[in-house]
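Presented below is the structure to which this report refers.
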Amino acid sequence: MCTMILLYVDDMIITGDDVAEIARLQDNLSVRFEMKNLGEVGCFLGLEIEKADGYFVSQKGYATSLMKRFGMDDAKPMATPMEAGLKLLKDEGKLLKDPTLYRQLVGSLIYLTITRPDILYAVGVVSQFMEKPCVSHWIAAKRVLRYVKGTLEYGLMYTGSKECSLHGFVDADWAGDMNDRRSTTGYCFYMGSAAVSWCSKKQRNVALSSTEAEYVASTMATQECIWLKRLIGDISNKVDYSVPIKCDNQSAMQLAANPVFHARSKHIEIQHHFVREKVIDREIELQNIPSEEQVADVFTKALGRVKFENFRNLLGVIDRNYALRGSVKN
C-alpha cells in the first residue's frame, strides 16, 4: 500500500483573534517542546516549498541525491516510469546475489511518492518483490529512477485559481496481478488545482468480477473520503455536501445504489457495503465517467506515454519552470 496525504490551504485573512489564538497555541506547545520560529517554510524533511501564485511542492534535491547514490547520473531518461502493460512475476529470471541495494532503492522511491503520485503505481509494483528480487525487478526499479531523472523539476502546484471543493476518482484493475490474481485499487482526491490524497493498493481478496473489484475499490475510496471530510472540517470549513467520486463502472455504481443487487453480491464481505450506506446518507455521490477520463487509471496499471502524461498533468504534477513562470516579474 502506498498512501500519501498533502493538504493545501489558500491564503486566508488573519484577524487579531486568530493571531492571539496562534500565539496561545505556540505558548502551550513550548511548555513541552523546545520551539523556534523559523519563519515561512522553505524546506521540510526533503520537501521543498516555493511560493509564487500558489505553492509548488517538490523533492528535487532529494531526487537528485538518489541519482548520485545509485549511480544514475549519466543514465538515459525514460518517458514513463514503467513499460506499458508490463506484468512482473515473482520467480522471473535470476535472483539478485545481494538484494540490499534493491531494497534501498525501492525504499527511497517510496519516500519520493510524497510529491510524485505519478510514480506511485510503479513503485508499488516493485515493492512487492523485496524478499527475493530478481534481475527483471531490478531493471524495472531502475527504470523508475530513469524516469525521475528526466522529471527532476516536477512537483505539485497548488493554486487558488480553481474552486476548492473536495472530489475524487476511483478505479480498479481487475485480476491485474499475475502472481495471485488480486485486483489493484487506485484512487485520488482533489481540493483545488492538484491532488491532495492518492493511493495504489492491492485488494485483500480475489475479486470474481470487474464489478466486485470496482465495488471494493469504491468502498476504500469512500473510507478515505469520510476521513478527509472530517479532517477538513477540523482545520477549516465543514464539508456539508455530497462529495462526488467518479467511477467508470456502471454495475458497481448500481450495486452501491440499489439494494436489489444484494442477492448477486452475498459473497462480498459485509465491510464493503459501507459505500452503499454513505450513498444513501448522501455523504458521497458516485458519478459515472468515461474510462478515457479516469485519472485513477494511472494508479492501477502501467500506461502508454500519451495517456500517462495526460493523467500526470491532471494530477497537478507539472514542471517547476512552467509552474513558477507566472510569478516572475519583468
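What's counted below: heavy atoms across the whole structure, side chains too, no hydrogens, waters or symmetry copies. Residue numbers start at 1 and run along the sequence shown.
- Between atom CG of residue L66 and atom CG of residue L152 there is a gap of 9.5 Å, rounded to the nearest 0.5 Å.
- Annotation: side chain of R312 is in contact with side chain of T151 (closest heavy-atom distance under 4.5 Å).
- Neither side chain, D118 nor Y154, offers a donor N or O lying under 3.5 Å from an acceptor on the other.
- When only modelled atom types and interatomic distance are considered, T219 and R276 share no side-chain donor-acceptor pair under 3.5 Å.
- Between L47 and Y62 the shortest side-chain heavy-atom distance does not fall below 4.5 Å.
- Sparse packing is recorded around CE of M178, with 12 or fewer heavy atoms of other residues, nucleotides or ligands lying under 6.0 Å away.
- Contact check for S197 versus L228: side-chain heavy atoms found under the 4.5 Å cut-off.
- Aromatic ring orientation, Y102 versus H137: tilted (interplanar angle from 30° to 60°).
- Hydrophobic clustering keeps M220 apart from W174 (ILVMFWY residues linked when any side-chain heavy atoms are closer than 4.5 Å, directly or through intermediates).
- How far CD of Q294 is from CZ of F299: 10.0 Å, rounded to the nearest 0.5 Å.
- In terms of hydrophobic clustering, with Ile, Leu, Val, Met, Phe, Trp and Tyr side chains grouped at heavy-atom distances under 4.5 Å, Y241 and M191 are assigned to a common cluster.
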Candidate pair D73 and K68, rule side chain to side chain contact (heavy atoms under 4.5 Å, CB included), full reasoning | CA-CA 6 Å; D73 286 326; K68 296 178 180 179; 3.6 Å; yes

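- A donor atom on one side chain and an acceptor atom on the other are found under 3.5 Å apart for R143 and T80.
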Please step through salt bridge (charged side-chain N to carboxylate O under 4.0 Å, His left out) for the pair R230 and D234, ending with a clear verdict.
-> CA-CA 6 Å; R230 292 173 180 170; D234 287 340; over 6 Å; no

Chi angles and distances behind the salt bridge (charged side-chain N to carboxylate O under 4.0 Å, His left out) call for E48, K60 = CA-CA 8 Å; E48 301 169 28; K60 178 185 176 182; over 6 Å; no

Working for salt bridge (charged side-chain N to carboxylate O under 4.0 Å, His left out), residues K202 and D177 = CA-CA 8 Å; K202 275 209 306 183; D177 191 291; 3.3 Å; yes

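- Heavy-atom minimum distance, A207 versus S183: CB-OG, 3.9 Å.
- Criterion: ILVMFWY side-chain heavy atoms under 4.5 Å apart, direct or through other members. Under it, V306 and V295 are not part of a common hydrophobic cluster.
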Would M82 and I119 satisfy side chain to side chain contact (heavy atoms under 4.5 Å, CB included), going step by step from the backbone distance to the final call?
-> CA-CA 9 Å; M82 180 170 281; I119 67 171; over 6 Å; no

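- Put simply, the side chain of R103 gets close to the backbone of M130: a donor and an acceptor are under 3.5 Å apart.
- Within the model, atoms CG of N288 and SG of C247 stand 7.5 Å from one another, a figure rounded to the nearest 0.5 Å.
- In this structure, T211 and N249 approach most closely via the heavy-atom pair OG1-OD1, 4.0 Å.
- Contact of the L145 side chain with the K149 side chain is not registered, since no non-hydrogen atoms from C-beta on lie closer than 4.5 Å.
- Hydrophobic cluster membership differs between L89 and V106, with clusters built from Ile, Leu, Val, Met, Phe, Trp and Tyr side chains linked at under 4.5 angstrom.
- Of the N and O atoms on the side chains of T300 and D297, at least one donor lies less than 3.5 Å from an acceptor on the other residue.
- Heavy-atom minimum distance, R181 versus A175: NH1-O, 3.0 Å.
- In terms of heavy atoms, A217 sits closest to V170 at O-CG2, 3.4 Å.
- Side-chain contact, S242 with E283: no donor N or O sits under 3.5 Å from an acceptor N or O.
- Between Y215 and H273, the ring planes are tilted. Angles from 30° to 60° get that label.
- Crowding of K132 atom NZ: a count of heavy atoms from other residues, nucleotides or ligands under 6.0 Å not exceeding 12.
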Report the C-alpha distance between Y322 and F56 in whole Å, list the side-chain angles of each, state the deciding distance to 0.1 Å, and finish with yes or no for ring-ring contact (aromatic ring centres under 6.0 Å, His included).
-> CA-CA 11 Å; Y322 174 80; F56 182 75; over 10 Å; no

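- For CG of N28, the number of neighbouring non-hydrogen atoms (other residues, nucleotides, ligands) closer than 6.0 Å is greater than 12.
- The OG atom of S193 lies 11.0 Å from the CG atom of D53; values are rounded to the nearest 0.5 Å.
- Residue D180 places its CG atom among more than 12 non-hydrogen atoms of other residues, nucleotides or ligands, all under 6.0 Å distant.
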Go through the steps for T184 and Q203 under the test side chain to side chain contact (heavy atoms under 4.5 Å, CB included), then give the verdict.
-> CA-CA 6 Å; T184 300; Q203 296 179 3; over 6 Å; no

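- Screening V279, L286, V275 for a side-chain contact (heavy atoms from CB on, under 4.5 Å) involving I245 leaves a single residue, L286.
- Dense packing is recorded around NZ of K307, with more than 12 heavy atoms of other residues, nucleotides or ligands lying under 6.0 Å away.
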Test log, rule side chain to side chain contact (heavy atoms under 4.5 Å, CB included), inputs F308 and Y121 | CA-CA 12 Å; F308 173 80; Y121 172 74; over 6 Å; no

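- Atoms CG and CD, on N179 and Q128 in that order, are 7.5 Å from each other to the nearest 0.5 Å.
- Taking CD from E293 and CZ from F311, the interatomic distance works out to 8.5 Å, rounded to the nearest 0.5 Å.
- Side-chain contact between K229 and L166: present, with at least one pair of heavy atoms (C-beta onward) separated by less than 4.5 Å.
- Both L45 and I49 are part of a single hydrophobic cluster, where members link through side-chain heavy atoms under 4.5 Å apart.
- Counting only heavy atoms from C-beta outward, the side chains of E50 and Y55 never approach each other to under 4.5 Å.
- For S209 (side chain) and E212 (main-chain N/O), a donor-acceptor pair under 3.5 Å exists by modelled atom type.
- S136 and L88 get closest at one heavy-atom pair: O-CD2, 4.4 Å.
- Side-chain contact between F189 and C225: present, with at least one pair of heavy atoms (C-beta onward) separated by less than 4.5 Å.
- Here the side chains of F274 and T222 are in contact, with some heavy-atom distance below 4.5 Å.
- Heavy-atom minimum distance, S108 versus R69: OG-NH1, 3.3 Å.
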